[in-house]
Amino acid sequence: MLAAFWYVTNRIDTTRVEFTIPLRENWALPFFAIQIAAITYFLRPNLHSLSERLTLLAIFISTFLFSLTWQFNQFMMLMQAVVLFILDSLDMLPAVKATWLYGIQITGLLLVCVLQFFNSMILGSLLISFNLSVLIARKLQKNLKTGSFFNRIGKLLLHLFVVFCLTLLLNSIIKKILNLKSDEHIFKFLKAKFGFGATRDFDANLYLCEEAFGLLPFNTFERLSDTLLFYAYIFVLSITVIAALVVAFQNLSDAANQQSLGKMGKCAVDLKPETAYNLIHTILFGFLALSTMRMKYLWTSHMCVFASFGLCSPEIWELLLKLVHLYNPKRICIMRYSVPILILLYLCYKFWPGMMDELSELREFYDPDTVELMNWINSHTPRKAVFAGSMQLLAGVKLCTGRTLTNHPHYEDNSLRERTKAVYQIYAKRSPEDVHALLRSFGTDYIILEDSICYERRHHRGCRLRDLLDVANGHMMDGPGENDPDLKPADHPRFCEEIKRNLPPYVAHFTRVFQNKAFHVYKLTRSK
């Protein structure tokens, strides 16, 4: 109940469902939550054989559906695999269970690859290379969990180095054999984002210029603190981190009990495997959220569960009361019930009236220009007509009219990225002949120009779509400001502006067939 209340009262930071057109991640994240819950249950010690098998099935199905519905799945699951690797290396969960989870991730991704018409980006993913490397390295270093403390630290560092090198080697081999370039834009984006060199790559800059891919704003923590979530989270995180460090030190120091059942039981007293998994999970996803704002929804939703678990957990209160020398079973019972109840009462008092007011509001989608455009397409164009335009708008065209598109927002394919960049030349400084030839090469019948892109003011100079295209084409950007010395003035004016003047070179190739305050639709003439 506490987790649910926190999730709802922090909904601005825990979900994007409320204020965005349905995204792929909105479909995927519920499956991710189910998968985390199933993994948490699977890591419990002493599960019955039937329960274990059913849980593995639940993990596989949720992993598969999560991977199928979101293009960034492999990066999220790579972080999960790193969590398992850390816990397995520190002997904080059974190695056989980690192996099962590595195998499920690989199998799920390969099945998604087949169902997505052999999506090459999946085959070249770091996740598959990493999981295979971990399994190979474990076979090579069979005596990893033996020896004295410093001996084991040395072995762990060597193990880490072997896994890292094997991952890079396997990934390079796979990409070279299959000639894969599907995810290179992501690595260019990461390289530029973390200051390892600027890039003129159009695709990488599309990400760099989006606010959602920037750092997490500081006011996020103010909102989370207002509901007491952040304070509770830090409290639980601090105690579990201390417990994890103690357990890790004990495990590395205790060379005599090599993964024996007795040792596993001993570790579970201090920090259960399922708790350790969720601890490392929330830390890694916390770093991800801090570096990339869009990914905060993976962290904040888990934060609600992790904080509420800690406040209701007898183990957490037992550890805390022992630390302050106030341990008593009755005190544990009082604390684990009174604190969550008091927080629930506070949340109800402060947020319930506002939530009821919001629920009483009847909201309606209102975008008459877009509705007019979709109605016109449905009534005035052939059903087999092919449309070109921005990725976001074309996704709406597909949903509302069923017409064929030249490009769409699935950006994890190299040929689709190249096609999108070619279509976006309608906003660049190109001749009408060049634009017409490019669009006809994709079978385009109609183009939709958006004033909001052509005359964009949302982004600063250098991040407007037209600026990204100019730089990628080697042209100087519009407006006051500096340009790189190697950029040159364009030979032609901006296409999206000049076409509206109905000059002969443009009229020869494009005929305006629809116009409103936001959109201009032009029909392409057939090449003779």
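The basis for the numbers below is simple: all heavy atoms, side chains too, and nothing from hydrogens, waters or symmetry mates. A quick note: this is a predicted structure, and the numbers were derived from the prediction, not measured.
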**Report entry** Test salt bridge (charged side-chain N to carboxylate O under 4.0 Å, His left out) applied to K398 - qualifying residues, sequence neighbours left out
**Finding:** none
Query raised in the report: Can you name the ring-ring contact (aromatic ring centres under 6.0 Å, His included) partners of F130, sequence neighbours left out?
Result: F85
Requested in this report: Tell me, please, which residues at least two apart from W6 pass ring-ring contact (aromatic ring centres under 6.0 Å, His included).
Outcome: none
**Report entry** Set of side chain to side chain contact (heavy atoms under 4.5 Å, CB included) partners for L215, sequence neighbours left out
**Finding:** K193
Report task. Taking the side chain as every heavy atom from C-beta outward, state whether L126 and T167 have any atom pair closer than 4.5 Å. Result -> yes
Requested in this report: Kindly state each residue pair satisfying ring pair (Phe, Tyr, Trp, His ring centres under 6.0 Å) with at least one member in residues 98-126, sequence neighbours excluded.
Outcome: none
Query - Residue list, ring-ring contact (aromatic ring centres under 6.0 Å, His included) with W70, at least two apart or on another chain - result: F72
**Report entry** Under the ring-ring contact (aromatic ring centres under 6.0 Å, His included) test, residues paired with Y337 that sit two or more places apart
**Finding:** none
Report task. Can you tell me which residue pairs pass the salt bridge (charged side-chain N to carboxylate O under 4.0 Å, His left out) test with a partner in residues 279-294, sequence neighbours excluded? Result -> E25-R294
Output a table of donor-acceptor pairs, distance under 3.5 Å, between side-chain atoms of residues 232-239 and any protein atom two or more places apart or on a different chain; print 'none' if there are none.
| unit_1 | atom_1 | unit_2 | atom_2 | d |
| --- | --- | --- | --- | --- |
| Y233 | OH | T282 | OG1 | 2.7 |
| Y233 | OH | W299 | NE1 | 3.1 |
| S238 | OG | I234 | O | 2.7 |

Could you tabulate the donor-acceptor pairs under 3.5 Å formed by side-chain atoms of residues 50-61, not counting sequence neighbours?
| unit_1 | atom_1 | unit_2 | atom_2 | d |
| --- | --- | --- | --- | --- |
| T55 | OG1 | S51 | O | 2.6 |

Requested in this report: Could you list the residues that satisfy side chain to side chain donor-acceptor pair (under 3.5 Å) with N10, not counting sequence neighbours?
Outcome: T227
Query raised in the report: Got a second to check how far M77's CE is from S67's OG, nearest 0.5 Å?
Result: 3.0 Å
Requested in this report: Could you pull out all residues at least two apart from C312 that satisfy disulfide bond (SG atoms under 2.5 Å apart)?
Outcome: none
